[in-house]
Structure formats: structure tokens, C-alpha cells
Amino acid sequence: MEEETLNMMIFEDIALYNQRLQQSKLASLGRLTASIAHEIRNPLAAISHAGQLLAESRALDAQDLRLTEIIRIHCQRVNGIIEDILKLSRRAPSQKQKIVLDQWLPAYLSEQRLNLGLAEDTFKLSFQTHALAACIDAGHLKQILDNLCANALKYGRPEAGPILVEAGMAQGSPYISVIDNGPGIGADNLQHLFEPFFTTSHQGTGLGLYISKELAELNRAELNYAPGEKSCFTLLLANAIGRRLKYEYACYVSGRRRARYSGTVGNHVKPDADPDP
């Protein structure tokens, strides 16, 4: 009886592997930081409460009241850092879905204006291309844009003109850019821009951009900063139109195809029911 030779071809989605690696890294980081954050929060709450009680004393003069105000301000700042750190541990796995940006972005900016009490012309939305659809977790996209818009409102001199939110296509993928009127980020700070706890503000936590970039990578997106006359952050997203990468390969036995396999990257592969005779 003639020996049968089996040949098998295996395709591996490297992007999917990198995404799972990123999820594992964030989960480990989240557990560590959550433990540290809880250990800090308990004594911080005691300090904050003691400062509030001290401020209610009628025996304090103006200088002492100023000191209690400093305690309150810095307790709030540290608590904000703890909240940002805890977001790392509470983060659910990415639930990517198709989001039509032509509909999603106007609704998002309208909600921002309403929630923050902003004027109608605070943001200007511009579409360079229409019929844009991205594949991303909707909650993660909102969190990324929340951070970018908050930075633009805080540092981007919105009084000098509207903050531009631009959407279009680049490199075959949809993108969203947030462009403000600020002076931009200095060359000395660019290399540290997405590092955790890096901030040029005395009031910032330094975690907003770091978390945003981690969320972007978790969704196979890219968050970058483009230096120039104005500050511009661009989020390059996975294209939801035509993104299902189909593949087909065969299993050969003694030089003859016995089964044909097809499917979508990331899904379980099932053999077709009609192998060639």
C-alpha cells in the first residue's frame, strides 16, 4: 500500500497575537497598580478627612486655612491619579464593532457640548471623506476622544478659535484628528509624551495620553502626535469596510487535494463540505 503524504499550511494572524499580548500586559499592569492604588487610597482618605475637620476649626487664622486648602487640593490631585490607575485594572477586553463615523462623531461632539456646557462653536467637525467606518470598541473610542478633547480644551487655547475634529482616510484606514490652537509640544517633551505620569502641568496626572495610546493599540489602532504650528493628535483606526480578511488553503494527500479550508482571520477554521474528488 502506497504511503500517504500529508501537507499542511498554517496561517497565523500576527496582529491578533500582538493584541492578545497587549491585553495580557495591561491585565498584569492593572492588577499591580490596583493593589498599590488601594493601599494609597486608605491613608489618603484619612488625610483628606482630617484636613476637612481642621478647616472647620474657628481657631485657625487665614494662613492656617490656606494650608488646609493646599491639603485639600493635593488630596484631590492624588485621588485623580488613583482613579486613572484603577481604570487600568477595571478595563474590560476590547469588544470591537463597526462604527460609522459619519453618524457617531456628530453625536459624540453634541454630547460633549451638552455635558460640559460648551458653546456650539467650541468644536468644528470636518469630514475629508464620507462613508467612514471603523472597527473599534465604542467605549474605548469615547475614552480616547474624551482625553484628547479635554487636553485641547485645557491647553489648546479654545478662546482663539474652534477646536477642529477632522475625519478622513489615510493609508487605506479611517482617521480622526483633534487639532487645537495651542503652541504645540516642545521637542524636549516629545519622546516622553505617551509615557505614564509624564505631564507638563501641575494639575495633570500624566496618565491620559498613556491610557489613550494603550487603548488604541488594544484595538489595532495607532495614536500619534504631529508637531507643527498647532497641536495635532491623530488616531488611525482599523477600517471596518472590507476588513474581513478571507483566506483559503488546502490539505493535500499524495498530491491530491482532500479538503479545502476557508474562513476569516481570527475565527475557527472549518473545512468545506465539498472537497475535490
Side-chain angles (χ1 to χ4, degrees), residues 26 29-91 109 111-119 122-123 139-140 142-161 163 178 180-186 188-215 223 225 230-231 233:
L26 289 178
L29 178 61
R31 287 192 294 269
L32 174 63
T33 53
S35 176
I36 296 173
H38 282 300
E39 291 298 323
I40 296 173
R41 171 167 277 181
N42 291 333
L44 179 66
I47 294 170
S48 178
H49 184 62
Q52 291 175 8
L53 292 177
L54 188 60
E56 295 174 0
S57 173
R58 297 180 180 179
L60 298 183
D61 57 23
Q63 185 175 357
D64 290 337
L65 285 173
R66 172 58 182 160
L67 294 177
T68 61
E69 179 66 10
I70 291 174
I71 293 173
R72 184 189 66 81
I73 291 173
H74 284 280
C75 281
Q76 286 183 344
R77 180 172 181 267
V78 174
N79 189 64
I81 295 175
I82 292 172
E83 286 294 332
D84 283 340
I85 290 175
L86 289 175
K87 289 177 184 177
L88 294 173
S89 62
R90 295 170 182 161
R91 185 174 307 147
L109 291 179
E111 182 183 356
Q112 282 286 95
R113 296 187 189 99
L114 181 63
N115 292 342
L116 300 177
L118 302 174
T122 302
F123 293 102
H140 291 170
K142 181 180 184 305
Q143 190 173 345
I144 293 170
L145 287 184
D146 281 350
N147 284 325
L148 296 182
C149 290
N151 283 345
L153 289 169
K154 190 173 183 179
Y155 307 111
R157 299 176 58 239
E159 69 278 2
I163 296 166
V178 178
D180 60 44
N181 305 295
I185 297 169
D188 295 340
N189 295 326
L190 281 179
Q191 59 180 331
H192 306 294
L193 187 58
F194 294 102
E195 293 180 1
F197 301 108
F198 173 76
T199 178
T200 58
S201 170
H202 296 296
Q203 298 178 341
T205 64
L207 285 171
L209 287 177
Y210 167 71
I211 292 176
S212 295
K213 192 169 183 67
E214 294 291 322
L215 286 174
L223 178 61
Y225 174 78
K230 294 185 176 183
S231 185
F233 285 91

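Since the structure is predicted, the reported quantities are computational estimates derived from the model, not experimental observations.
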- Rounded to the nearest 0.5 Å, what separation is found between the CG atom of D146 and the CD atom of Q143? 7.5 Å

Show every donor-acceptor pair shorter than 3.5 Å between a side-chain atom in residues 44-67 and any protein atom, with sequence neighbours excluded, or say none if there are none.
{"unit_1": "S57", "atom_1": "OG", "unit_2": "A59", "atom_2": "N", "d": "3.3"}
{"unit_1": "D61", "atom_1": "OD1", "unit_2": "Q63", "atom_2": "N", "d": "3.3"}
{"unit_1": "D61", "atom_1": "OD1", "unit_2": "D64", "atom_2": "N", "d": "2.9"}

- Task: Mind running side chain to side chain contact (heavy atoms under 4.5 Å, CB included) on D180 and R157 for me, showing each step along the way?
- Result: CA-CA 7 Å; D180 60 44; R157 299 176 58 239; over 6 Å; no

- Output the distance between atom CZ (F233) and atom CG (N147), rounded to the nearest 0.5 Å. 10.5 Å

- When every non-hydrogen atom of F123 is compared with those of Q112, the smallest separation belongs to CE1-CB, 4.4 Å

- Message: How long is the straight-line distance from OH of Y225 back to CG of L209, given to the nearest 0.5 Å?
- Response: 10.5 Å

- Query: Between T122 and L153, is any pair of side-chain heavy atoms under 4.5 Å apart?
  - Reply: yes

- So how far is it from I144 CD1 to I211 CD1, rounded to the nearest 0.5 Å? 11.0 Å

- Closest heavy-atom pair, P158 versus A152, reported as atoms and distance to 0.1 Å, is CD-O, 4.0 Å

- Task: Measure the spacing between SG of C149 and CG of L109 and express it to the nearest 0.5 Å.
- Result: 6.5 Å

